[in-house]
2 protein chains.
Amino acid sequence: MLTISELASYAGVTVRAVRHYHAKGLLPEPERDRSGYRRYDAAAAVDLIRIRTLADAGVPLARVRQLLAADEEDFARAVEEIDRRLRAEIRDRQRSRERIAKLAAGDSLALPPEAVAYLGRLRGIGVPEAMVDAERDAWILVAAQLPGRMPFYMELKEQQLADPGVRELYRDLAEVIGWGADDPRLAGVADRLAAQFEAIPASAWDEEALPADLAALLDAVFLDSVPAARRLLALLEERGWTGWTNIRPVAGSSAPTGPHDRRGSSSMV
Amino acid sequence: MLTISELASYAGVTVRAVRHYHAKGLLPEPERDRSGYRRYDAAAAVDLIRIRTLADAGVPLARVRQLLAADEEDFARAVEEIDRRLRAEIRDRQRSRERIAKLAAGDSLALPPEAVAYLGRLRGIGVPEAMVDAERDAWILVAAQLPGRMPFYMELKEQQLADPGVRELYRDLAEVIGWGADDPRLAGVADRLAAQFEAIPASAWDEEALPADLAALLDAVFLDSVPAARRLLALLEERGWTGWTNIRPVAGSSAPTGPHDRRGSSSMV
DNA sequence: TCCAACCTTGACGCTGCGTCAAGGTCAAGC
DNA sequence: GCTTGACCTTGACGCAGCGTCAAGGTTGGA
């Protein structure tokens with residue numbers, strides 16, 4: 001006959017754990033000797049090892065209890081599922097290893113050098129600081145999610161800045177940040193924006209489209225920080241353009257077909 | 001500016017988690033807008049991703065807080081340790097997969113057929129049921145730990161039973177179970193046991209020795225279930241033998257050298 | 001004006017035990 | 001017989017990392 005500590009050490013668990021399994025109904029309470037001590041037989045040791053094998057595999061104790069009472073078929077199905085989960089956890093840890101390795105490599109610098117250079121150019125053009133800050137925050141968000149595509153995006157942005165019309169628009173938009181929601185000048189800005197969207201060849205944009213969730217977030221940031229944003233988007237919609245980060249022609253609109261077939265292109269942030 | 005839910009969904013966590021990180025001091029509380037809502041900038045998003053990367057790797061939040069404030073050198077050391085742990089967890093899960101696969105294959109049958117046959121032979125020889133039960137429990141414990149060696153052990157036991165002297169001893173020992181701690185007949189049994197130990201050639205035992213912890217457990221079971229056990233072991237020690245499951249000549253004893261060099265052999269259980 | 005979808009703080013719930021607390025029991029040594 | 005140390009008993013609280021109400025205030029669009 002085994003005492004509780006013998007049983008526990010045999011299965012490599014603590015005495016507390018064995019009592020816990022009793023309390024949870026995983027392991028039946030054994031007979032007591034005359035002093036009230038629990039006395040176990042070898043079958044209890046076998047049961048305990050079974051419990052630990054399942055628990056070590058990450059099965060919750062409540063589920064272990066079910067499985068101990070399950071027939072062979074249900075048990076086999078459960079084991080298959082447990083195995084699936086274990087494989088998934090192994091993959092998760094492998095991904096975690098890669099991610100923390102990148103952290104250690106210092107990849108967490110908020111912005112890559114190309115982006116810093118681009119923001120410097122914006123300042124150089126005369127875009128006000130408030131606008132540059134908004135741009136920086138937006139690009140930080142993008143860089144955190146898609147670091148590999150940043151050189152591509154920045155190259156694209158630099159190309160856009162080569163166009164004097166675009167540079168003009170940036171200065172326009174910077175002013176819009178300070179305007180109220182009903183500023184009469186918004187209509188004029190919307191006109192010029194729409195014209196720009198028309199003028200840019202689709203070929204230069206097609207691969208730029210950001211993932212929908214990231215674009216939605218950036219849109220939300222824009223709407224939250226610029227009072228006139230909502231009104232401006234409404235005006236743009238009247239002119240045949242919907243969205244912002246990923247601006248697109250309004251579906252079914254008679255407006256801008258122009259010379260290009262544009263489906264999902266990205267605006268300015 | 002981001003709201004809390006935007007920030008959270010950006011990093012793929014819940015709003016509750018973000019607030020938890022504030023409460024734990026992992027993420028600084030941001031400014032509030034006029035209605036008391038938290039407003040985040042992009043830097044908070046970067047911080048949050050850093051936190052999640054570490055937390056996903058299994059780093060406790062309290063440790064994450066330290067690491068956020070650590071210099072590059074300490075951080076690199078920590079990452080190395082985290083990576084070690086991740087690799088260990090992957091190995092654990094691979095072992096778990098093997099173990100539950102065995103469970104599903106039904107390897108958990110308490111005793112292999114050879115052992116059942118052996119217990120049957122004991123009964124056939126006239127060993128009383130109480131003794132057979134004790135043997136069964138002991139072999140269940142061994143089989144759970146060393147399933148691969150069971151055929152070997154059982155083969156050995158069957159060979160021993162071929163000797164009429166051993167068979168006689170088993171019947172003796174079965175009676176001992178019922179004796180008091182000071183039964184006068186114990187000395188005679190000890191004599192016959194010592195003689196048997198002398199007679200068995202060392203070559204037949206040498207590889208049988210059980211791991212020390214398992215042997216200690218089986219000894220404890222013997223001591224706990226047989227009142228006369230402690231006295232019997234004392235008498236055997238007087239005759240030059242120590243232990244029980246793994247019985248050995250007493251070191252420095254003048255007693256049994258016999259024709260064989262015996263170092264660590266296993267008795268009867 | 002109303003509704004849905006946000007936001008706020010506070011508090012309890014969950015898992016799988018670890019860790020006291022406050023005792024009773026047992027074997028050994030003096 | 002008495003002490004000592006290593007066991008055993010039940011009961012209770014503590015821990016991480018949030019999930020999940022509860023009970024409100026805010027915001028934006030219809």
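So you know, we letter chains A, B, ... as the sequences are listed, proteins then strands, and number each from 1. Quick caveat: nothing in here was measured; it's all calculated off a predicted structure.
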TODO: Check whether the side chain of A:R38 and the base of D:dT9 form a donor-acceptor pair under 3.5 Å.
DONE: no
TODO: Using atom NE2 of B:H20 as one end and atom C1' of D:dC15 as the other, report the distance to the nearest whole Å.
DONE: 11 Å
TODO: With DNA chain C as reference, determine whether B:V15 or A:G58 sits nearer its 5' end, using the nearest nucleotide of each.
DONE: B:V15
- [ ] Please report, rounded to the nearest Å, how far the P atom of C:dT25 is from the CG atom of A:D33.
- [x] 11 Å
Open item on the list: For the CD atom on A:E29, are there more than 12 heavy atoms of other groups (residues, nucleotides or ligands in this structure) within a distance under 6.0 Å?
Closed with: yes
Task: Candidates D:dC18, C:dT8, D:dT9 - which lies nearest the side chain of B:L61 - done: D:dC18
- [ ] Starting at atom CD1 of A:I4, determine the distance to atom P of D:dC7, rounded to an integer number of angstrom.
- [x] 13 Å
Open item on the list: C:dC26, OP1 or OP2 - any side-chain N/O from A:S35 closer than 4.0 Å?
Closed with: yes
Open item on the list: From the set D:dT10, D:dG25, D:dT27, return the single nucleotide nearest to any side-chain atom of A:R32.
Closed with: D:dT10
Open item on the list: Can you confirm whether the side chains of A:D56 and B:S96 place a donor and an acceptor under 3.5 Å from each other?
Closed with: no
Open item on the list: Can you tell me which nucleotide in C:dC7, D:dG17, C:dC26 comes closest to the side chain of B:Y37?
Closed with: C:dC7
- [ ] Go through the N and O atoms of the side chain of A:Y21 and the base of C:dG16, and report whether any donor-acceptor pair is under 3.5 Å.
- [x] no
TODO: Pick base, sugar-phosphate or nothing for A:R230, based on heavy-atom distances below 4.0 Å to the nucleic acid.
DONE: sugar-phosphate
TODO: May I ask you to verify if any side-chain N or O of A:T14 is less than 4.0 angstrom from the OP1 or OP2 atom of C:dC17?
DONE: no
TODO: Report yes if a side-chain nitrogen or oxygen of B:S5 is closer than 4.0 Å to either non-bridging phosphate oxygen (OP1 or OP2) of C:dC7; otherwise report no.
DONE: yes
Task: Interatomic distance where CG belongs to A:L7 and P belongs to D:dC7 [whole Å] - done: 15 Å
Task: Below 4.0 Å: OP1/OP2 of D:dC7 and any side-chain N or O of A:T3 - done: no
TODO: Report the distance from atom CG of A:L233 to atom P of D:dG29, rounded to the nearest whole Å.
DONE: 11 Å
TODO: Please report, rounded to the nearest Å, how far the C1' atom of D:dG29 is from the CD atom of A:E237.
DONE: 14 Å
Task: Under-4.0 Å side-chain N/O to phosphate OP1/OP2 contact, B:R19 with C:dT9 - done: no
TODO: Return the 5'-most residue of the pair A:E6, B:P60 with respect to DNA chain D, ranking by each residue's nearest nucleotide.
DONE: A:E6
Open item on the list: Expressed as a whole number of angstroms, how long is the span from B:H22:NE2 to C:dG10:C1'?
Closed with: 17 Å
- [ ] May I have the distance from B:M1 (atom CE) to C:dC7 (atom C1'), rounded to whole angstrom?
- [x] 17 Å
Open item on the list: Any side-chain to backbone donor/acceptor pair from B:R93 onto B:E89? Under 3.5 Å, distance only.
Closed with: yes
- [ ] Looking at every strand, decide which applies to A:R52 at a 4.0 Å heavy-atom threshold: base, sugar-phosphate, or nothing.
- [x] sugar-phosphate
Open item on the list: So, taking the atom named CD in A:E238 and the one named CG in A:L233, what distance separates them when rounded to the nearest 0.5 Å?
Closed with: 11.5 Å
TODO: Measure distances between side-chain N and O atoms of B:R16 and base N and O atoms of D:dT20, and say whether any donor-acceptor pair falls under 3.5 Å.
DONE: yes
Task: Expected output: side-chain B:D41 to main-chain B:A44 donor-acceptor under 3.5 Å - done: yes
Task: 5'-most by nearest nucleotide on DNA chain C - A:K24 or B:G36 - done: B:G36
Open item on the list: I need the B:R38 CZ to B:I4 CD1 distance, nearest 0.5 Å.
Closed with: 5.0 Å
